[in-house]
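Notes follow once the structure below has been shown.
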Amino acid sequence: MTMDIKQKYQLAYQKILSAKRILLVGHISPDGDDLASLCLLGRLSASLGLSRVLYCEGARSPEFSFLPGIDEIIDSKNKLLDFLSAKDKDDWLDEFDLLITSDCGSIERTNLAAEIRGRKKTFVIEFDHHQKVSDYSDLEIRQADKSSTAELLYHFLDANHLSFDRESATCVLTGIMTDTGNFLYPSASADTLAVASRMLALGVNVNRIMGAVLQNKKVATLKLLSRALDNLKINDKQGIAVSVLRPEDFESCGHDFASEAFDDIVAVLANLADVKAVLLLREYESGKIKGSWRSKPGGLDVSILAKNLGGGGHKHAAGFQVSGHIVWENDFWRVR
């Protein structure tokens, strides 16, 4: 029998209540929505007195240090295995009867793909607002019409009649503001604004969140933006703008391969007038290229373009990864 979203919410909550040990997993190089969602799930587990471990691969941005419980998040797989004393165990994941992923988009972004596929006992719940890439969970709670996973989790908690305090509201609002660019992106719906209003009413410090989302730009990031603008090319016939960042750009700007910088840059490029969509490519190590599409309301459905390249995402924001090198050839940027 096919379950509706409310039934899925209720089943997920029952699975959480009955769990003895929970592993909460975010995605590689976590952004504000992922960190906020993970902290929100951690707070829920703690309030229920459940044993839980939080993990996502990659350094946490210091701008989000205000999120409640963020220090609990283990930021590398080696540290996770050491913490669990699981270095020599192939089936360590089965020590958890429940695993919950948040905002991961695909199983590969968990950095635990092999373990999740090879599990024998662990029940997996997936909370996500991205377009579906593949099946890997036992209970998939996916709502691509939500602005963020944090907004989705608000509805999950609300549907199960769970109350919000200022700290949980901080998590929800941080995730929403991060993934909507402080409500500037098309993903910010009337429902999104209504949820944000409820969270504000609980006394959330919105200026602190805004500072984390907007007022945190490093000189190196601004230099990298300058390189992206220098590399920008516009196809007037198709109405598509393309820019690239190559390893030498990162090196000359003194910037590492940070996902938050990449998101900031593509967001700026998406404001270009008279274009339907923007593509930003970055070659981040030998033979690997990540691409990010953005489009405006009424513009191209970039999720289709990303899916054709093995990626996915939303109608107006999507990404993918391919192999190759970015080269300048015959007045065009090409991937070879």
Side-chain angles (χ1 to χ4, degrees), residues 3 5-28 30-58 60 67-70 72-75 77 80 83-84 86 92-130 132-144 146 148-160 162 168 171-172 174-175:
M3 291 185 288
I5 190 63
K6 186 174 181 179
Q7 290 172 316
K8 287 185 175 184
Y9 284 155
Q10 293 170 341
L11 177 58
Y13 187 49
Q14 291 303 313
K15 288 291 183 181
I16 291 172
L17 286 175
S18 63
K20 293 183 176 63
R21 198 178 192 201
I22 302 175
L23 179 61
L24 304 171
V25 178
H27 62 66
I28 296 170
D31 58 8
D33 182 32
D34 190 31
L35 292 171
S37 298
L38 207 55
C39 288
L40 184 59
L41 288 167
R43 281 186 57 76
L44 171 62
S45 303
S47 71
L48 297 171
L50 301 174
S51 173
R52 77 273 178 206
V53 176
L54 286 69
Y55 161 70
C56 59
E57 187 74 22
R60 303 183 298 269
L67 286 170
I70 194 168
E72 291 185 48
I73 300 174
I74 297 172
D75 61 7
K77 191 172 180 178
L80 174 65
F83 178 80
L84 300 173
W92 63 265
L93 184 57
D94 284 320
E95 294 180 10
F96 296 89
D97 46 346
L98 180 62
L99 182 149
I100 300 176
T101 67
S102 65
D103 199 48
C104 286
S106 68
I107 190 173
E108 284 72 25
R109 297 207 73 197
T110 66
N111 202 40
L112 298 175
E115 289 87 347
I116 293 173
R117 290 191 178 105
R119 70 189 187 276
K120 297 180 178 66
K121 299 181 293 183
T122 308
F123 191 90
V124 176
I125 299 174
E126 177 186 10
F127 287 106
D128 196 15
H129 75 119
H130 297 96
K132 185 171 184 172
V133 175
S134 61
D135 291 311
Y136 72 87
S137 60
D138 300 297
L139 177 58
E140 178 186 288
I141 301 179
R142 182 182 309 282
Q143 292 182 275
K146 301 304 180 190
S148 54
T149 297
E151 183 185 344
L152 186 161
L153 286 171
Y154 164 84
H155 290 289
F156 159 68
L157 295 173
D158 187 58
N160 285 294
L162 298 169
S168 57
C171 293
V172 172
T174 299

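We count residues from 1, following the sequence as given.
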Give the intermediate values and the outcome of salt bridge (charged side-chain N to carboxylate O under 4.0 Å, His left out) for residues R119 and D138. CA-CA 11 Å; R119 70 189 187 276; D138 300 297; 3.1 Å; yes
Considering all heavy atoms of both residues, which atom of C171 and which atom of L67 are nearest to each other, and what is their separation? CA-CD2, 4.2 Å
Check for a donor-acceptor pair, side chain of K8 on one end and backbone N or O of L139 on the other, with a separation under 3.5 Å. no
Between L38 and C56, what is the shortest heavy-atom contact and its length? CD2-SG, 4.1 Å
Whether the side chain of N160 engages the backbone of Y9 through a donor-acceptor N/O pair (distance < 3.5 Å, no angle test) should be reported. yes
Under a plain distance cut-off of 3.5 Å, with no hydrogens placed, do Y136 and T110 share a side-chain donor-acceptor pair? no
Would the distance check show the side chain of R142 and the main-chain N or O of D128 forming a donor-acceptor pair, the cut-off being under 3.5 Å? no
For the residue pair F127 and F156, does the interplanar ring angle fall in the parallel (under 30°), tilted (30 to 60°) or perpendicular (over 60°) class? tilted
Are a donor atom and an acceptor atom from the side chains of N111 and Y55 found within less than 3.5 Å of each other? yes
For K77, does the NZ atom sit with more than 12 other heavy atoms under 6.0 Å from it, leaving out its own atoms? yes
Does T149 offer a backbone N or O that forms a donor-acceptor pair with the side chain of D33 under 3.5 Å? yes
Please check this pair: side chain of T101 against backbone of V25, looking for a donor-acceptor N/O pair closer than 3.5 Å. no
H129 side chain to K146 main-chain N or O, any donor-acceptor pair under 3.5 Å? yes
If every non-hydrogen atom of S18 is compared with every non-hydrogen atom of K15, which pair is closest and at what distance? OG-O, 3.2 Å
For E126 and S137, which heavy atoms make the closest approach, and how far apart are they? OE1-OG, 3.3 Å
Working to the nearest 0.5 Å, report the span between SG of C39 and CG of L24. 10.0 Å
